[in-house]
Amino acid sequence: LTAAALGTLDGCGRLMVNIPRVLELQYAYATRLMTKGSQATGASDPVGFLRDQVMENDKYRFNVLKLFVKYDTDCDGKLTKEQLTAALKEFPALDKLCGTQSSDSIYSALDTDSDGMIDYKEFMSLSAGDLRLATPDSLLESAKDGYVTDSYEECKELTAEYAKTFYLATLAMEDAKAKATWAIYAWCRRVDEIVDGDTAAQTPEEMQEMLDEWMERLDRMWGGVSRQGLDQYDIAFVDMLQQFPGSDIEPYRDMVKGMMMDIPDKVVYRTWDDLYLYCYRVASTVGLMTLPVMGTAQGVTLEEAKDPAVSLGIALQITNILRDVGEDARDRDRIYLPVADLEKFGVTEEYIIKTAKEGGEVSEEYRNLMKFEIARALDYYDRAEKGIPMLSSGAQLPVGLAAELYKEILEKIVENGYDNFNKRAYVSKEKKLLSLPALWLKTVT
């Protein structure tokens, strides 16, 4: 590195200016070489060993502070011995030094005021290099911001992986609104996983218990008193609530109630009114959750914009149900279509289950049923579209985009001859992108 830098006059100048830092890094490197592989050295001076690791680079030091923020679940600026031990276990270099003796040594060395707690200034004595550049308070605030930023990134990745169409719509949002929407989606996704995911509870009793715990967790996050028991997704969610005040807890509680409707082994919706309640709880609530984030146009209140938001959720959930008829019947022996609709068009539950599992021709009766359900969904899309101008200018395009892309799923079902048993109604990324220009023009005009 030194030889390469000397290769140019400019590089030589930079090297001269940074000689103190170069010597510092070389010293740290030499120290690590001498202690590398020596368990005895680290064990005899775990504090010094840890400090050497922390001094390695700026990113490492910054991550030290984020660990403090992560494990300070009481938000009091202090760590207990147990919290400190948990934080130390996340240091890769301390894999073999996190035994009771080493943890005790580090704890005792950092507790300089002997109050039985490690405050953030004591903890940051590990990263003395940074303390020469800024105050401990500013460093801690920077670490808090970094931890929250990381949490939003986790929510973004979750949204991008599991809700590709929805995620594409968020890319048309302002940055702050997109991040808030990812946090809301992550919350919704994880509550859904309790009853309908790869790690779902195995019995109705377990599901009920987990949903009850989720409701209690929601109440704690809403209070914003403590981060005890919260994970990184929750950190973004709590920050979203702070950044966008005015959110109502009831839609979140209603969604949990919607998940409870999915608990019984055999879910049956006799009428459209029954299914409507389910659609409202698991989908329309999302519109009500995101409404304070989206904001409304000048002169329009949140209350006035609620009905179209509810209609959009109903339309999206009907679309999901129609897209997944085959998958739900095949994998879960579950039919969400109202029994009254099946009877009206002469379609039996046995026909749906058998065709989903064994294949076969789509009957004329079933096609007529699908036409009826698609028409119902389109009616709710029309109601929702009337509410798009009620939203703030920055929210109109992404919401309109989400509606338009989901409507294309219905078009794909029609193109597939109404066979949603064995053909997935999938809209390609290319087609999604081609929808943008026309929708943008429609929005701005």
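In this chain, numbering begins with 1 at the start of the sequence shown. Computation of the quantities below employed the complete heavy-atom set of this structure, encompassing side-chain atoms and omitting hydrogens, waters and symmetry-equivalent molecules.
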If only atom types and distance count, is the side chain of [X] paired as donor or acceptor with the main-chain N or O of [Y] below 3.5 Å?
| X | Y | value |
| --- | --- | --- |
| T290 | G287 | yes |
| Q83 | Y71 | yes |
| D175 | A178 | no |
| R281 | M255 | no |
| N422 | G359 | no |

Taking atom [atom1] of [X] and atom [atom2] of [Y], what is their separation to the nearest 0.5 Å?
| X | Y | atom1 | atom2 | answer |
| --- | --- | --- | --- | --- |
| M370 | L410 | CE | CG | 10.5 Å |
| I409 | E404 | CD1 | CD | 12.0 Å |
| E343 | E349 | CD | CD | 9.0 Å |
| E373 | T319 | CD | OG1 | 11.0 Å |
| L288 | D248 | CG | CG | 8.0 Å |
| L230 | K70 | CG | NZ | 12.5 Å |

In terms of side-chain geometry, is the basic nitrogen of [X] or [Y] positioned less than 4.0 Å from the acidic oxygen of its partner?
| X | Y | result |
| --- | --- | --- |
| R383 | D379 | yes |
| R332 | E327 | no |
| D231 | R190 | yes |
| R334 | D324 | no |

Any donor-acceptor N or O pair under 3.5 Å, side chains K177, S392: yes
Measure across [X] and [Y] and return the closest heavy-atom pair with its distance rounded to 0.1 Å.
| X | Y | value |
| --- | --- | --- |
| C279 | I321 | SG-CD1, 4.2 Å |
| L401 | L168 | CD2-O, 4.0 Å |
| A377 | I318 | CB-CG2, 3.7 Å |
| D274 | M261 | O-CE, 4.4 Å |
| G360 | T355 | O-CG2, 4.1 Å |
| A183 | M240 | CB-CB, 4.3 Å |

Side-chain heavy atoms of [X] within contact of [Y], under 4.5 Å:
| X | Y | result |
| --- | --- | --- |
| I374 | Y418 | yes |
| Y147 | Q232 | yes |
| S247 | M289 | no |
| Q243 | V293 | no |
| K179 | M173 | no |
| Y269 | L277 | no |
| Q208 | E213 | no |
| T348 | E365 | no |

Option passing salt bridge (Lys or Arg N to Asp or Glu O under 4.0 Å) with D341 (candidates R376, K371, R270): R376
Can a cation-pi geometry be assigned to R189 and Y162, taking NZ or CZ under 6.0 Å from the six-membered ring centre and within 45° of the ring axis? yes
Using 30° and 60° as the class limits, which term best fits the ring planes of Y252 and F237: parallel, tilted or perpendicular? perpendicular
Taking the inter-plane angle between the rings of F345 and F372 on a 0 to 90° scale, is it parallel (under 30°), tilted (30 to 60°) or perpendicular (over 60°)? tilted
Under the side-chain contact (heavy atoms from CB on, under 4.5 Å) rule, what do D254 and V282 come out as? Steps first, then yes or no, please. CA-CA 8 Å; D254 284 340; V282 301; over 6 Å; no
Taking only residues two or more places apart in sequence, or in another chain, which ones meet Y381 in a ring-ring contact (aromatic ring centres under 6.0 Å, His included)? none
Might you work through the side-chain contact (heavy atoms from CB on, under 4.5 Å) test for D234 and R217, ending with a clear yes or no? CA-CA 10 Å; D234 295 329; R217 184 175 184 159; 2.4 Å; yes
Start with the C-alpha gap between K412 and E408, add the side-chain angles, then the distance that decides, and say whether salt bridge (charged side-chain N to carboxylate O under 4.0 Å, His left out) holds. CA-CA 6 Å; K412 195 67 178 178; E408 291 185 9; over 6 Å; no
Take D219 and R253 through the test side-chain contact (heavy atoms from CB on, under 4.5 Å) and record every step on the way to the result. CA-CA 9 Å; D219 290 335; R253 288 175 172 162; 3.1 Å; yes
Could you walk me through whether D115 and K78 pass the side-chain contact (heavy atoms from CB on, under 4.5 Å) check? CA-CA 11 Å; D115 67 347; K78 297 180 180 181; 4.0 Å; yes
What about the rings of Y336 and Y278, do their centers lie closer together than 6.0 Å? yes
Walk me through it: do Y152 and D239 pass the test side chain to side chain donor-acceptor pair (under 3.5 Å)? CA-CA 9 Å; Y152 277 118; D239 185 74; 2.8 Å; yes
